[in-house]
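Have a look at the structure below, then the notes.
Basis for what follows: all heavy atoms, side chains included, without hydrogens, waters or symmetry-related copies. Whatever order the structure lists ligands and atoms in, that order sets their numbers, starting from 1.
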Amino acid sequence: MVKVVVSGALGRMGTNIGRIVDEAPDMELVGGIDIREGTLFGTEVVPAGKIDAFLNEKKPDVLIDFTVAAAAVENIKAAARNDVALVVGTTGFSPEQRTTIASAVEGTVPAVISSNFSVGVNIFWKLVREAARELGDYDIEVTEAHHRYKKDAPSGTAKTILEILDQELGSREKVYGRVGEAERKGEIGVHVVRGGDIVGDHSVLFAGNFECIEVSHRAYDRAVFAQGAVRAARWVVGREPRIYSMQDVLGL
Ligand SMILES: NC(=O)c1ccc[n+]([C@@H]2O[C@H](COP(=O)([O-])OP(=O)(O)OC[C@H]3O[C@@H](n4cnc5c(N)ncnc54)[C@H](O)[C@@H]3O)[C@@H](O)[C@H]2O)c1
Ligand SMILES: O=C(O)C1=N[C@H](C(=O)O)CCC1
């Protein structure tokens, strides 16, 4: 049995993940962490200040974190201190926070960290890479849309798209929206939409003369992210202590 604690347990992703773990025959949900007390499918949810004592008491194999960037950094450090493997879906980390996470995890515990755990998005990233290799001279515009409650922008998935484009095309200027005189040059345009209950849409437009190619992904239910995170949790336990991607989990 893989023993799981969920941090961000009372949030949108935390509750989806809790349900899947609770129903999995090979997993045991042993509790949750959030900013306040509560319950997650009959297990105890404790405030973040008690994370060390809780991990020490429950001895989970893996902590799955979907919180906010500053909180995730602290939760990751706590998991590393308590020798608990990690799955991290939280987005919005600064470069400094990424460095802190790498030092906490590398050589200490295995961690799958991904801005998007859906299988479809991981394939979509591969398609974007392939298109960029062939269409580097086309104009490129990245657009993402999410629900009204999303805290970070652009999305972690969009930032990963920009990293892929930079890897394939070299670092290009990014222009975040346009207003006023905005003559197009060699930049990559980045556009963020927030509204309603949009689960998560991403598209990359490659526009040439007389033709356009648009590579896009649309999530209809958070279950796709939650299922991917739980798949990563099964995979990560017992691995060498370093950072892995969802592409590693999927063998892509
Ligand atoms: N990687 C992916 O596939 C993926 C998919 C969906 C969302 N996300 C990311 O996951 C994160 C959470 O998204 P959400 O929609 O569930 O948000 P949410 O606001 O619904 O849930 C976040 C939860 O974290 C809790 N929290 C805050 N500080 C905490 C702390 N110190 N310790 C424990 N819990 C704490 C909040 O109280 C809240 O319940 C965001 O960064 C989002 O971008 C990633
Ligand atoms: O709902 C969110 O928040 C999502 N966050 C991730 C991101 O920032 O890319 C993945 C999609 C949903």
Considering heavy atoms of the protein only, find what lies nearest to [atom] and give residue, atom and distance to 0.1 Å.
{"atom": "atom 28 (N) of ligand 1", "result": "Ile35 CG2, 3.3 Å"}
{"atom": "atom 24 (O) of ligand 1", "result": "Gly8 CA, 3.4 Å"}
{"atom": "atom 5 (N) of ligand 2", "result": "Lys150 NZ, 3.1 Å"}
{"atom": "atom 6 (C) of ligand 2", "result": "Ser115 O, 3.6 Å"}
{"atom": "atom 21 (O) of ligand 1", "result": "Gly11 CA, 3.3 Å"}
{"atom": "atom 1 (O) of ligand 2", "result": "His147 NE2, 2.8 Å"}
{"atom": "atom 10 (O) of ligand 1", "result": "Phe66 CD2, 3.4 Å"}
{"atom": "atom 36 (C) of ligand 1", "result": "Asp34 OD1, 3.3 Å"}
{"atom": "atom 3 (O) of ligand 1", "result": "Phe117 N, 2.9 Å"}

Nearest heavy atom to [atom] wins, so pick from [options].
{"atom": "atom 41 (O) of ligand 1", "options": "Asn116, Val199, Leu10, Thr91", "value": "Thr91"}
{"atom": "atom 2 (C) of ligand 1", "options": "Ala232, Ser115, Ala71", "value": "Ser115"}
{"atom": "atom 40 (C) of ligand 1", "options": "Thr67, Val68, Val88, Asp65", "value": "Thr67"}
{"atom": "atom 8 (N) of ligand 1", "options": "Ser7, Gly89, Ser118", "value": "Gly89"}

Notebook entry, point to check: After noting the C-alpha distance and the side-chain angles of Asp65 and Thr67, does the key distance pass the side-chain hydrogen bond (donor to acceptor under 3.5 Å, both in side chains) rule?
Noted result: CA-CA 6 Å; Asp65 186 283; Thr67 55; 2.9 Å; yes

Check: Going by the atom numbers of ligand 2, which of them fall below 4.0 Å from some non-hydrogen atom of Val199?
Finding: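 Heavy-atom distances to Val199 below 4.0 Å select 12 (C).
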
Notebook entry, point to check: Which of the atoms of ligand 2 are close to Asn116, meaning less than 4.0 Å from one of its heavy atoms?
Noted result: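 Near Asn116, meaning under 4.0 Å from one of its heavy atoms, ligand 2 has 10 (C), 11 (C).
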
Going by an N to O cut-off under 4.0 Å, is there a salt bridge joining [X] and [Y]?
{"X": "Lys150", "Y": "Glu144", "value": "no"}
{"X": "Arg178", "Y": "Glu187", "value": "yes"}
{"X": "Asp166", "Y": "Lys159", "value": "no"}
{"X": "Lys3", "Y": "Asp61", "value": "no"}
{"X": "Glu168", "Y": "Arg133", "value": "yes"}

Atom indices of ligand 1 within 4.0 angstrom of [X] heavy atoms, with elements:
{"X": "Ala48", "value": "30 (C), 31 (N), 32 (N)"}
{"X": "Phe225", "value": "3 (O), 5 (C), 6 (C)"}
{"X": "Met13", "value": "6 (C), 7 (C), 16 (O)"}
{"X": "Asp152", "value": "43 (O)"}
{"X": "Ile33", "value": "33 (C), 34 (N)"}

Margin query: Does the residue Ser114 have a heavy-atom contact with ligand 1, meaning some pair of atoms that are separated by less than 4.0 Å?
Written below: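 Yes.
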
Item checked: Glu74 heavy atom under 4.0 Å from ligand 1 ->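 It does not, in that no heavy atom of Glu74 comes within the 4.0 Å cut-off of ligand 1.
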
Margin query: Is the terminal nitrogen or CZ of Arg231 (NZ for Lys, CZ for Arg) located under 6.0 angstrom from the six-membered ring centre of Trp235 and within 45° of that ring's axis?
Written below: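 No, cation not above the ring by the 6.0 Å, 45° rule.
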
Check: Is the His146 ring parallel, tilted or perpendicular to the His202 ring (thresholds 30°, 60°)?
Finding: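 Plane angle over 60°, so perpendicular.
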
I need the contact type for [X] against ligand 2. Using non-hydrogen atoms and a strict under-4.0 Å cut-off, is it side chain, backbone, both or neither?
{"X": "His146", "value": "side chain"}
{"X": "Thr157", "value": "both"}
{"X": "Ser155", "value": "both"}
{"X": "Arg12", "value": "neither"}

Next item on the list: May I ask you to check if ligand 2 and Gly156 share an N or O to N or O distance below 3.5 Å?
Entry: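 Yes; at least one N/O pair falls below 3.5 Å.
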
Check: Is Lys159 near ligand 2, meaning one of its heavy atoms is under 4.0 Å from it?
Finding: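 Flag not set, Lys159 not near ligand 2.
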
Note to self: Tell me the contacting part of Ile51 for ligand 1: side chain, backbone, both, or neither, using a 4.0 Å heavy-atom threshold, strictly below.
What the structure shows: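 No part of Ile51 comes within reach of ligand 1.
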
